[in-house]
Amino acid sequence: RAGYINDAFSDFDKFSNCLNHIFEQFSVNMILTRQGLIPQQDSKITEAVYAPTLAALSDPKWRSVSEDLSKMFEDYQNGNYAEVVTKAHGVTQRFLQLLTGEKEGKNGKGELASLFRKAKLEGYVPSNRFSEPIINAFQGYISSERATKSTAKPAVKEATPNDALLIMNVIMIFFQYCLQVQTNT
(Lines give C-alpha, C1' and ligand atoms only; values in the text may rest on other atoms or scores of the structure.)
Protein backbone atom coordinates (compact mmCIF):
# COMPACT_ATOMS: atom_id res chain seq x y z
CA ARG A 1 0.00 0.00 0.00
CA ALA A 2 2.81 2.40 0.88
CA GLY A 3 4.40 1.72 -2.50
CA TYR A 4 1.22 2.70 -4.34
CA ILE A 5 0.91 5.86 -2.30
CA ASN A 6 4.53 6.80 -2.94
CA ASP A 7 4.11 6.16 -6.67
CA ALA A 8 1.02 8.33 -6.73
CA PHE A 9 2.84 11.21 -5.07
CA SER A 10 6.14 10.82 -6.94
CA ASP A 11 5.49 13.56 -9.53
CA PHE A 12 3.99 15.86 -6.94
CA ASP A 13 7.01 15.44 -4.67
CA LYS A 14 9.33 16.46 -7.53
CA PHE A 15 7.16 19.50 -8.25
CA SER A 16 7.02 20.52 -4.59
CA ASN A 17 10.83 20.24 -4.29
CA CYS A 18 11.23 22.62 -7.24
CA LEU A 19 8.62 25.05 -5.96
CA ASN A 20 10.09 24.98 -2.45
CA HIS A 21 13.48 25.83 -3.92
CA ILE A 22 11.91 28.83 -5.68
CA PHE A 23 10.14 29.83 -2.45
CA GLU A 24 13.50 29.75 -0.68
CA GLN A 25 15.12 31.93 -3.35
CA PHE A 26 12.39 34.56 -3.00
CA SER A 27 12.14 34.33 0.82
CA VAL A 28 8.58 33.06 0.75
CA ASN A 29 8.00 31.72 4.25
CA MET A 30 5.95 28.72 3.14
CA ILE A 31 6.66 25.13 2.12
CA LEU A 32 4.50 23.07 -0.21
CA THR A 33 3.69 19.61 1.19
CA ARG A 34 1.27 16.87 0.25
CA GLN A 35 -1.29 18.55 2.51
CA GLY A 36 -0.78 22.02 1.03
CA LEU A 37 1.24 24.98 2.17
CA ILE A 38 2.70 25.01 5.68
CA PRO A 39 4.64 27.76 7.44
CA GLN A 40 8.40 27.81 6.95
CA GLN A 41 10.27 27.05 10.15
CA ASP A 42 13.68 25.92 11.16
CA SER A 43 14.66 23.32 8.60
CA LYS A 44 15.28 20.74 11.33
CA ILE A 45 11.64 20.97 12.48
CA THR A 46 10.37 20.73 8.92
CA GLU A 47 12.61 17.79 8.01
CA ALA A 48 12.36 15.83 11.27
CA VAL A 49 8.71 16.43 12.19
CA TYR A 50 6.50 17.89 9.47
CA ALA A 51 7.79 16.06 6.37
CA PRO A 52 7.67 12.50 7.74
CA THR A 53 4.41 13.06 9.63
CA LEU A 54 2.62 14.60 6.65
CA ALA A 55 3.97 11.82 4.42
CA ALA A 56 2.53 9.19 6.79
CA LEU A 57 -0.77 11.06 6.97
CA SER A 58 -1.01 11.05 3.16
CA ASP A 59 -2.26 7.46 3.45
CA PRO A 60 -5.97 7.40 2.47
CA LYS A 61 -6.80 6.14 5.98
CA TRP A 62 -5.93 9.60 7.30
CA ARG A 63 -7.64 11.62 4.56
CA SER A 64 -9.95 13.56 6.87
CA VAL A 65 -7.07 14.37 9.24
CA SER A 66 -5.02 15.62 6.29
CA GLU A 67 -7.91 17.78 5.11
CA ASP A 68 -8.29 19.27 8.59
CA LEU A 69 -4.55 19.95 8.78
CA SER A 70 -4.67 21.69 5.40
CA LYS A 71 -7.44 23.98 6.67
CA MET A 72 -5.44 24.69 9.81
CA PHE A 73 -2.34 25.58 7.79
CA GLU A 74 -4.47 27.80 5.55
CA ASP A 75 -5.83 29.64 8.59
CA TYR A 76 -2.27 30.22 9.77
CA GLN A 77 -1.38 31.63 6.35
CA ASN A 78 -4.37 33.96 6.50
CA GLY A 79 -3.54 35.17 10.02
CA ASN A 80 -6.58 33.50 11.66
CA TYR A 81 -4.56 32.36 14.66
CA ALA A 82 -7.53 31.76 16.97
CA GLU A 83 -9.00 29.50 14.30
CA VAL A 84 -5.68 27.61 14.11
CA VAL A 85 -6.06 26.82 17.82
CA THR A 86 -9.65 25.67 17.25
CA LYS A 87 -8.67 23.47 14.33
CA ALA A 88 -5.67 22.02 16.17
CA HIS A 89 -8.01 20.78 18.90
CA GLY A 90 -10.44 19.39 16.31
CA VAL A 91 -7.80 17.64 14.22
CA THR A 92 -6.32 16.06 17.35
CA GLN A 93 -9.76 14.75 18.24
CA ARG A 94 -10.30 13.39 14.70
CA PHE A 95 -6.83 11.81 14.71
CA LEU A 96 -7.56 10.01 17.99
CA GLN A 97 -10.99 8.91 16.69
CA LEU A 98 -9.41 7.29 13.63
CA LEU A 99 -6.54 5.87 15.67
CA THR A 100 -8.86 4.18 18.16
CA GLY A 101 -11.62 3.20 15.72
CA GLU A 102 -14.19 5.54 17.28
CA LYS A 103 -16.96 7.10 15.22
CA GLU A 104 -15.50 10.05 13.37
CA GLY A 105 -17.03 13.45 14.08
CA LYS A 106 -18.45 12.53 17.48
CA ASN A 107 -18.18 15.58 19.68
CA GLY A 108 -19.15 16.55 23.18
CA LYS A 109 -17.86 17.67 26.52
CA GLY A 110 -15.02 15.44 27.67
CA GLU A 111 -14.72 13.70 24.29
CA LEU A 112 -11.03 14.48 23.86
CA ALA A 113 -10.20 13.24 27.36
CA SER A 114 -12.17 10.06 26.68
CA LEU A 115 -10.25 9.48 23.44
CA PHE A 116 -6.92 9.96 25.20
CA ARG A 117 -7.94 7.39 27.83
CA LYS A 118 -8.98 4.91 25.14
CA ALA A 119 -5.77 5.48 23.16
CA LYS A 120 -3.71 4.79 26.29
CA LEU A 121 -5.75 1.70 27.20
CA GLU A 122 -5.40 0.23 23.71
CA GLY A 123 -1.67 0.97 23.53
CA TYR A 124 -1.79 3.58 20.76
CA VAL A 125 -0.28 6.02 23.23
CA PRO A 126 2.08 4.17 25.54
CA SER A 127 1.51 4.87 29.18
CA ASN A 128 4.79 4.69 31.03
CA ARG A 129 6.80 6.76 33.45
CA PHE A 130 8.24 8.88 30.64
CA SER A 131 5.29 9.35 28.29
CA GLU A 132 2.46 9.70 30.83
CA PRO A 133 3.41 13.16 32.17
CA ILE A 134 4.12 14.46 28.66
CA ILE A 135 0.80 13.20 27.28
CA ASN A 136 -1.07 14.61 30.28
CA ALA A 137 0.63 17.98 29.77
CA PHE A 138 -0.22 17.89 26.05
CA GLN A 139 -3.83 16.98 26.76
CA GLY A 140 -4.13 19.83 29.26
CA TYR A 141 -2.32 22.28 26.99
CA ILE A 142 -4.50 21.71 23.95
CA SER A 143 -7.71 21.95 25.98
CA SER A 144 -6.50 25.06 27.80
CA GLU A 145 -5.50 26.81 24.57
CA ARG A 146 -8.89 26.01 23.05
CA ALA A 147 -10.66 27.35 26.13
CA THR A 148 -8.76 30.65 26.22
CA LYS A 149 -7.58 31.52 22.70
CA SER A 150 -9.80 29.80 20.13
CA THR A 151 -12.96 30.67 18.25
CA ALA A 152 -14.75 27.67 19.76
CA LYS A 153 -15.54 29.67 22.89
CA PRO A 154 -15.37 33.37 23.70
CA ALA A 155 -11.64 34.08 23.68
CA VAL A 156 -10.06 35.27 26.92
CA LYS A 157 -6.82 36.18 25.13
CA GLU A 158 -5.98 36.85 21.51
CA ALA A 159 -4.03 34.08 19.84
CA THR A 160 -0.69 35.23 18.43
CA PRO A 161 1.28 33.80 15.51
CA ASN A 162 3.63 32.22 18.07
CA ASP A 163 0.70 30.59 19.89
CA ALA A 164 -0.57 29.16 16.61
CA LEU A 165 2.85 27.91 15.54
CA LEU A 166 3.50 26.30 18.92
CA ILE A 167 0.20 24.42 18.94
CA MET A 168 0.77 23.24 15.36
CA ASN A 169 4.25 21.99 16.25
CA VAL A 170 3.01 20.25 19.38
CA ILE A 171 0.22 18.36 17.61
CA MET A 172 2.52 17.37 14.75
CA ILE A 173 5.02 15.90 17.22
CA PHE A 174 2.18 14.07 18.98
CA PHE A 175 0.88 12.66 15.67
CA GLN A 176 4.38 11.58 14.71
CA TYR A 177 4.84 9.84 18.05
CA CYS A 178 1.54 7.97 17.75
CA LEU A 179 2.22 6.96 14.15
CA GLN A 180 5.67 5.64 15.10
CA VAL A 181 4.19 3.66 18.00
CA GLN A 182 1.56 2.23 15.64
CA THR A 183 4.10 1.14 13.01
CA ASN A 184 6.47 -0.34 15.61
CA THR A 185 3.83 -2.59 17.16
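Heavy-atom basis, side chains included; hydrogens, waters and symmetry copies ignored.
Atoms CE and CE, from M168 and M72 in turn, are 5.5 Å apart once rounded to the nearest 0.5 Å. Separation of atoms CD (E24) and CD1 (I31) is listed at 9.0 Å; rounding is to 0.5 Å. The OG atom of S150 sits 9.0 Å away from atom CD of E145, with the distance rounded to the nearest 0.5 Å. Note that the CD atom of Q41 and the CG atom of L165 stand 4.5 Å from one another [nearest 0.5 Å]. Rounded to the nearest 0.5 Å, atoms CG (D68) and CG (L57) are 11.0 Å apart. To the nearest 0.5 Å, atom CG of residue N29 and atom CG of residue L37 are 12.0 Å apart.
Across all non-hydrogen atoms, the minimal contact from P52 to T46 is CD-O, 4.3 Å. Residues K120 and N136 come closest through the heavy atom pair NZ-OD1, 2.9 Å. The minimum heavy-atom distance between Y81 and A164, with the atom names listed, is CD2-CB, 3.7 Å. Between S58 and A55, the closest heavy-atom pair is OG-O, 2.5 Å. Minimum interatomic distance between F73 and P39 (heavy atoms only, all atoms of both residues): CD2-CD, 4.2 Å.
With sequence neighbours left out, E83 forms a side-chain hydrogen bond (donor to acceptor under 3.5 Å, both in side chains) with K87, T151. Annotation: ring-ring contact (aromatic ring centres under 6.0 Å, His included) contacts of Y50 (sequence neighbours excluded): none. Applying the side-chain contact (heavy atoms from CB on, under 4.5 Å) rule to P133 yields no partners; only residues at least two apart in sequence or on another chain are considered. For R117, the side-chain contact (heavy atoms from CB on, under 4.5 Å) partners at least two apart in sequence or on another chain are A113, S114.
Using a 4.5 Å cut-off between side-chain heavy atoms of Ile, Leu, Val, Met, Phe, Trp and Tyr, with links allowed through other members, I173 and Y141 fall into the same hydrophobic cluster. Cluster annotation: L99 and L121 are assigned to distinct hydrophobic clusters (Ile/Leu/Val/Met/Phe/Trp/Tyr, side-chain heavy-atom contacts under 4.5 Å, transitive).
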After noting the C-alpha distance and the side-chain angles of T86 and D75, does the key distance pass the side chain to side chain contact (heavy atoms under 4.5 Å, CB included) rule? CA-CA 10 Å; T86 303; D75 282 329; over 6 Å; no
Walk me through whether Q97 and L115 qualify under side chain to side chain contact (heavy atoms under 4.5 Å, CB included). CA-CA 7 Å; Q97 286 170 339; L115 288 166; 3.6 Å; yes
For I38 and L69: C-alpha separation, side-chain torsions, deciding distance, then whether side chain to side chain contact (heavy atoms under 4.5 Å, CB included) applies. CA-CA 9 Å; I38 63 170; L69 284 171; over 6 Å; no
Intermediate values then yes/no, side chain to side chain contact (heavy atoms under 4.5 Å, CB included), I171 and I142: CA-CA 9 Å; I171 67 165; I142 199 157; 3.5 Å; yes
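Residues Y124 and L96 fail the side-chain proximity criterion, which asks for heavy atoms closer than 4.5 Å. Within the 4.5 Å cutoff, no side-chain heavy atoms of N169 are placed close to those of V49.
For the side chain to side chain contact (heavy atoms under 4.5 Å, CB included) with M172, the qualifying choice from I167, V91, T53 is T53, the only one to do so. Considering K149, K157, R146 as possible partners of D163, the one that fulfils the salt bridge (Lys or Arg N to Asp or Glu O under 4.0 Å) test is K149.
With hydrogens and angles ignored, the 3.5 Å screen pairs a side-chain donor or acceptor of D42 with a backbone N or O of K44.
Heavy-atom contacts from other residues, nucleotides or ligands closer than 6.0 Å to CD of Q25 number more than 12.
Pairs passing the side chain to side chain donor-acceptor pair (under 3.5 Å) check and including a residue from residues 9-19, sequence neighbours excluded, read D13-R34. Within the structure, every pair that satisfies the ring pair (Phe, Tyr, Trp, His ring centres under 6.0 Å) test and touches residues 159-180, not counting sequence neighbours, is listed here: F95-F175, F116-F174, F138-F174.
Salt bridge annotation for E67-R63: present, with a cationic side-chain nitrogen under 4.0 angstrom from a carboxylate oxygen.
Aromatic ring pairs are classed by plane angle as parallel below 30°, tilted from 30° to 60° and perpendicular above 60°; the pair F12 and F9 is perpendicular.
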